[in-house]
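Below is one structure; the comments refer to it alone.
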Amino acid sequence: MVLVAVAALNSADTRRMGFYPIFAKATMQLDALPWFEKWNSFSRIVATRPALPVSAPQLSGPSPAFVPSGAPVPQSGMSIDSDAGTVAYGIEGDLARASFLKNDITNLAYHLPDLKSAAVIGVGGGRDILAARLFGVPKVTGIEVNPTFIDLLRPDGLFGPFVGMEKIGGITLVVDEARSWLARSREQFDIIQMNLIDTWAATGAGAFSLSENGLYTVDAWEIFLRRLSADGVFTVSRWHAAQDVAETGRILSLAVASLLELGVREPSKHIFLAWLRPGEEGAGISTLIVSRSAFTEAQLQSLTTAIDQLKFEPLILPGRKSPSETLDRIVNFTNRADLERFTGSFRLDMTPPTDNRPFFFNQLPFSQVFAIGFTEVPPGVRKGNFLATATLAGLFVMALLLVLATIVLPLRNALNDVGRRLAVGGTAYFVLIGVGFMLVEIGLLQRFSVFLGHPTYSLSVVLFSLILSAGIGSLLSDSLRIDNPLSFSVWVVMTSGYVLSQALWVPPLLLALDSETLLVRCLVSVAIITPAGLLMGYGFPTGMSFISAVDNRPTPWFWGINGAASVLASATGVACSIAYGIGATISLGAICYLLLLPAAFVIGFPGTAAGSRRTAPAA
């Protein structure tokens with residue numbers, strides 16, 4: 001009743017100062033209430049009141065040669081979860097007023113000739129869509145997973161007349177996850193643009209949620225490259241520093257690996273990379289252009305002329321040696337194994353991410369975290385990696401202490417006088433099913449997050465399917481009992497075998513079905529998860545029946561130890577996936593179920609000599 005009353009008061013507060021985030025990602029939120037604010041399951045979007053820029057229009061990577069001219073254009077800055085940003089320009093449908101976009105390095109690929117169609121991944125405030133139309137691309141498709149941005153840009157939206165996309169024409173806006181939409185699309189595009197797509201959700205303390213990681217894998221880039229026309233290009237903008245090429249190295253190795261998977265023999269002929277010259281405003285932005293076919297002389301001439309005029313600096317040009325020895329080595333690999341070996345030899349991880357290990361934004365290996373320590377926190381993305389890993393380790397330590405204080409110590413007396421065999425066998429059994437179930441759950445959440453396109457979908461579908469099916473499995477254990485060595489061995493083999501086999505057939509199946517609608521992908525996810533849940537659901541009640549057949553007094557201990565193991569395994573599962581891949585986490589969970597066999601034989605089976613030593617209750 002108190003919560004309902006507080007919620008009602010909060011809803012009636014027109015100032016929106018009831019429940020409100022004071023800090024979001026270390027940013028004070030109460031300095032001034034936003035002009036516009038919208039929450040949904042993806043993120044929190046806020047926007048500033050449209051105003052004229054102080055000096056120049058806001059650009060991601062403005063050319064050093066850019067000199068603002070003409071009447072200034074009002075703009076509204078928007079932030080996603082108080083950190084990642086985008087901007088809406090008030091050109092009111094007049095593309096000539098957005099001519100300044102030609103000076104942004106993120107739009108370098110639009111200097112290529114004869115571009116007829118474009119797909120923009122991540123619409124935001126519409127900046128990249130305006131750039132495509134400004135350069136004369138007649139047909140532009142914007143793909144945005146967050147419906148709030150699309151709603152804002154529609155003719156009747158808050159920024160509809162302000163930006164004026166309907167007046168410009170030639171623009172189609174799609175609310176969908178870009179990877180999935182492009183996988184099922186039959187359109188061919190001359191250019192696909194992915195400009196600084198990240199919200200830092202995967203590098204901060206909400207660690208490894210995979211919000212955008214599914215867009216930065218070899219499997220995803222193969223899809224994008226297949227959607228290009230014969231001479232089409234895929235362009236990606238990311239961060240770069242002259243003394244720290246780790247993120248550029250990773251994006252470059254991702255491009256090389258993707259081209260190799262498509263059968264390209266010399267990836268270096270298909271890659272162009274430039275960045276904003278150091279020391280200028282916006283320095284640190286690089287733009288990678290990957291061509292479906294080898295670059296022609298005319299295409300290279302257009303790009304080199306553009307970077308000369310705009311004073312951008314080349315990093316990778318076909319036929320030329322790169323100023324960075326590391327980047328030069330990466331782009332010239334013609335073998336995937338050699339590429340993996342070289343990019344994995346650095347202090348920061350530059351190996352190409354895959355759907356099995358899709359943590360593009362995490363470049364700091366766990367071994368390096370401990371080597372760095374808390375006195376030398378690295379800058380940039382690595383700082384987020386460090387803090388996220390430290391948070392993960394802190395959560396594990398706190399969980400361990402709380403588990404000891406609230407479960408292990410209070411319930412230890414439950415083991416008194418029950419015998420070493422039951423204590424050891426029972427503890428091992430319930431630790432294994434607690435760890436095993438959680439490892440499988442964590443692995444499935446991560447795997448289907450990439451497949452379904454967003455962590456929200458993964459949480460909904462995976463937890464619903466797994467918990468419901470596990471509950472049904474537990475219910476069935478009353479009627480279809482497992483109470484002898486043969487039936488238990490069959491169950492163990494079926495459970496661990498099904499989960500282990502997923503490493504062989506599930507990844508290729510999910511990749512093949514990447515082009516299906518969200519509904520179909522959800523149904524496929526449920527169909528894959530349900531058998532695992534049904535089988536794993538037998539584990540807990542079966543173990544309890546084994547314990548009760550011997551002595552029911554220590555059952556509180558085993559119940560508590562199972563919960564404790566599950567809590568501690570959650571952090572372990574995340575760490576395992578980051579270090580070794582999602583498949584390794586799921587397989588480790590399957591091995592835990594396989595190890596139940598010796599634990600059950602130690603406890604004893606009901607009806608056998610070892611399993612019928614029920615202790616008489618004390619007088």
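The first residue of the sequence shown is numbered 1, and numbering continues consecutively from there.
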According to the interplanar angle, ranging from 0 to 90°, do the rings of [X] and [Y] count as parallel (below 30°), tilted (30 to 60°) or perpendicular (above 60°)?
X	Y	value
Y538	W491	tilted
Y216	F360	parallel
Y429	F546	tilted

Rounded to the nearest 0.5 Å, how far apart are [atom1] of [X] and [atom2] of [Y]?
X	Y	atom1	atom2	answer
T354	L254	OG1	CG	10.0 Å
I223	T217	CD1	OG1	7.5 Å
E516	S180	CD	OG	8.5 Å
E441	I586	CD	CD1	11.5 Å

Check whether any side-chain N or O of [X] sits under 3.5 Å from a backbone N or O of [Y] as a donor-acceptor pair, and report yes or no.
X	Y	value
N356	G581	no
E144	G122	no
S185	W181	no

*Check whether more than 12 heavy atoms from other residues, nucleotides or ligands sit under 6.0 Å from atom CG of L3, and answer yes or no.*
no
_Given F540, W557, W559, the one that forms ring-ring contact (aromatic ring centres under 6.0 Å, His included) with F430_ = F540
*May I ask you to check whether N552 and T555 show a side-chain donor-acceptor distance below 3.5 Å?*
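No, no side-chain donor-acceptor pair sits under 3.5 Å.
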*Among side-chain atoms of S477 and T542, is any donor-acceptor pair under 3.5 angstrom?*
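Looking only at side-chain atoms, T542 and S477 do not form any donor-acceptor pair under 3.5 Å.
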Do [X] and [Y] make a side-chain contact, defined as non-hydrogen atoms from C-beta onward lying under 4.5 Å apart?
X	Y	answer
L215	E177	yes
W221	L262	no
L432	Y593	no

_Shortest non-hydrogen contact between Q502 and P507, atoms and distance_ = O-CD, 3.1 Å
